[in-house]
Amino acid sequence: MKRARCLLQSARSAAQYGALLQSASSRQPNPLRSTQHQVLRCFHGSPAHAKGPPVPAEFINEDDKKGDKSVVVHDDLFERVAKEVKTKATFNKVVDVFIKGDVRRRGHVEFIYAALNKMPEFGVERDLAVYNRLLEVFPKEVFVPRNFIQRMFNHYPRQQECGLQLLEQMENYGIMPNIETKVLLVQIFGEKGHPVRKYQRIMYWFPRFKHVNPFPIPQHLPEDPVDLARFSLTRIAHDRDAKATVHQLPCTDITESGEKITLPHIVGIQSPGQVELLAKHNPSRPVFVEGPFPLWLRKTCVYYYVLRADPTPPDEKVEEPFDPERCLDYPLQLELDLDRDLGDEENFDVEDLDEGPVFAMCMTGRGEQAVLNQWISGLQEKNPILGRVPTLFRLDAGPRELQGVAETESAHHHGPEPETQTEERPPQEEHKKNLREQWRKSRGRARR
Amino acid sequence: MYLPKITRLPSVRLLSSIQQQLLLPSIPPPTAPRRAVSQGEYRRPGQPKEDKFPWQPINFGFSKGFEGIKKHFKLLKKEFSDRWVGPEGKPLLEHMLEQNRVMWEFRGPESLEQWTVSSDREIGGQSEVHLKLGKNNNTCFLYGTLNSTPPRDGETRYSGYCTLRSEQPRASFDRKKHHDLSSFNTLHLRVRGDGRPWMIGIATETYYSHQKNDMYNYFLYTRGGPYWQDVKIPFSKFFLTHCGRIQDDQHPVWLDKMNTIGFTLADKADGPFQLEIDFIGVCKDYAHSEEFAYEVYKRNPEI
């Protein structure tokens, strides 16, 4: 680069030139990194228009990682590095090798496409600094249109599409670009090019949609399964007063015969409203433990179990009057004759689906019946009625994440159980359920 | 400014880009595929172009038979008799004063006929989606598996989506009818999801063929869990997209001729999903005075 004869240099005295060089090299590294190079750039503004003699390849290219220049498939660069550990540092090293290798940045478009594809392998796809480093691979100021004709006709379309693809990958991963990205894009493509327009769109829409989720999930979920279970249970509880209780922490026990038993974690949640509902439940009707139901948090799927009962038939429903002393600030029930007509109807003309009350939810490491029984016994402290009520288990054989359609169908038992549900269950299960019922009853009696 | 042509996908609606044509080669090949705007359906990359006249795919035979005639004349009779009841088949007072309207409630198998499901199987992907009635025949249950491996056709870059879309309402003899929601301002849904984020898309009747893939979208974030979730989205929040790409020139959705409403899932998380919908209704929220949530002035001035 220094071999180029600059018109600027010839106009200045040698002393001034030396001073400029020194000041440029001693300047603090600022976000506009290429200003350092701009001082030495020639009149046309880029090394591509260098007037000096072309430099022989072997003098520039001393790093053996670059390989031969004939037909460089840029994936090979990353593959060669990939034999070591794939980290951000090695990725940056490859990019540095490419940048230092050739002033004209031959094949930079293919290199950037290859780098964008390899980013997830190196684990840097969510790193803004890496995207900015990749943008620096583009030669600056070459692709900036200089008159209205160039601006009209999609100046350097291939490079513009490459820049667009880089920004699109950032958009897909939800990464917000910063001012350094904008400065780089303006330097490379000019202010009216497609990449800068796309950057402007990202900066307009991303802040608008950042907080649009009413149930936000943090980017980094807790790794401890107990914390994760607590977070997801408070999320689905639909009640701010619900408290999650850890019935069992994961631990490994060694029994007398020397076998290792790992006990899974059991985290349950129950709100005061649910406690009241369970207390009012008719002991002669059974309660069901159903599951596992999937819950997705970004990319992870966790499974939870539900303790619920069938809806009470209409003849058994008891309308309890509101206790006026429950709330002394305002009346809970108002008898007003509001003269409302068609124009004031606020509710939808839809019958209310009564699916039966939900009494508690839980999440465990292993969805076996023994583990869920432990959960029920843990619940019994606050809900003594569970000792008298028959509990039926409607479990599907273990949670699986990626399933075929048939298994997926059987895993979904959401919703109310009509009276005709029993014929769906095979008779052996019914027998097993009766056994379980008797076992639960006997356990309940023993507890009391 | 000239932009490379983006493939149009009539049955696909996504905010983030699903597909994009690759770079134009520097020397265009002599038979570069060029789809005119007026040309119809999406052609999967790799499939041969069909050289048929426009009238050849239409079925003129008598196979539709007597059932078709009965159905259409019944609809025609109903249209005539509805005029006596009031505008759009409702009494005049109800038409003028209604504050809530239930558009779709899933209370029987015939309600599922008004909906179509589709997934990226159409472009060669591997996602699956199915629709059935939930327990007690009271809700609709949309379930399936998402798979975001893109199909290997050399063009498609992203994949992995599933949609549920309502059918365009039809009058007698398959004439198009529209939903008139001009007296409402909020969409009310009762859903039970599994925590995945969905996208709601409203397609309205357009005049120009360039606007064929225009859709007004907004997000539907499900909480997950065993409890039903009431979601109220004012129509002023819906933003305009075309082929899944959000547009620069935004305007509020025109509600007088709504054609279809759809739900799309494309959250790049591979695995099974499920969504239960109890009912979809529209209501007039007097407390909501916003006309449009996004700026309407020109934001990207011309070169």
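Just so it is clear, the structure is predicted and the values come from calculations on it, not from any experiment.
Atom CD1 in Ile236(A) sits 12.5 Å away from atom CD in Gln229(B) (nearest 0.5 Å). Rounding to the nearest 0.5 Å places CG of Asp349(A) at 9.0 Å from CG of Asn100(B). Taking OH of Tyr204(A) as the start and CD of Gln250(B) as the end, the distance is 7.5 Å to the nearest 0.5 Å.
If you tally non-hydrogen atom pairs under 4.5 Å between each of Val102(B), Asp267(B), Thr139(B), Asp285(B) and chain A, the highest count goes to Val102(B).
Heavy atoms closer than 4.5 Å to chain A are found in both the backbone and the side chain of Glu295(B). When heavy atoms are compared at a cutoff of 4.5 Å, Gln247(B) approaches chain A solely by way of its backbone atoms N, CA, C and O. Only the side chain of Arg208(A) comes within less than 4.5 Å of a heavy atom of chain B; its backbone N, CA, C and O stay farther away. The part of Tyr218(B) that comes within reach of chain A is its side chain, from C-beta onward, which places non-hydrogen atoms under 4.5 angstrom from that chain. Of the atoms belonging to Val231(B), not a single heavy atom falls under 4.5 Å from chain A. Looking at Leu295(A), both its backbone and its side chain come within 4.5 Å of chain B, counting heavy atoms on both sides. For chain A, the nearby part of Arg101(B) is the backbone; its heavy atoms alone come within less than 4.5 Å.
For NZ of Lys90(B), the number of neighbouring non-hydrogen atoms (other residues, nucleotides, ligands) closer than 6.0 Å is greater than 12. Counting heavy-atom neighbours within 6.0 Å of Glu191(A) CD, excluding the residue itself, gives a total of 12 or less. Residue Glu290(B) places its CD atom among more than 12 non-hydrogen atoms of other residues, nucleotides or ligands, all under 6.0 Å distant. Residue-environment remark: CG (Asn147(A)) exceeds the threshold of 12 foreign heavy atoms within 6.0 Å.
A donor-acceptor distance shorter than 3.5 angstrom exists from the side chain of Trp296(A) to the backbone of Pro272(B), with no hydrogens or angles considered.
Taking all atoms of both residues into account, the shortest heavy-atom contact from Arg235(A) to Thr222(B) is NH2-O, 3.7 Å.
A heavy-atom distance below 4.5 Å is found between the side chains of Ile246(B) and Phe209(A). Counting only heavy atoms from C-beta outward, the side chains of Arg192(B) and Glu355(A) approach each other to under 4.5 Å. Annotation: side chain of Arg223(B) is in contact with side chain of His238(A) (closest heavy-atom distance under 4.5 Å). Under the 4.5 Å side-chain criterion, counting only non-hydrogen atoms from C-beta, Asn172(A) is in contact with Lys268(B). Taking 4.5 Å as the limit, every side-chain heavy atom of Pro226(B) sits out of range of all side-chain heavy atoms of Arg308(A).
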- Message: Using side-chain contact (heavy atoms from CB on, under 4.5 Å), reason through Tyr221(B) and Val212(A) one step at a time and then give a plain yes or no.
- Response: CA-CA 9 Å; Tyr221(B) 285 103; Val212(A) 90; 3.4 Å; yes
- Item | Evaluation steps, side-chain contact (heavy atoms from CB on, under 4.5 Å), between Tyr227(B) and Val358(A) | CA-CA 8 Å; Tyr227(B) 289 107; Val358(A) 171; 3.8 Å; yes
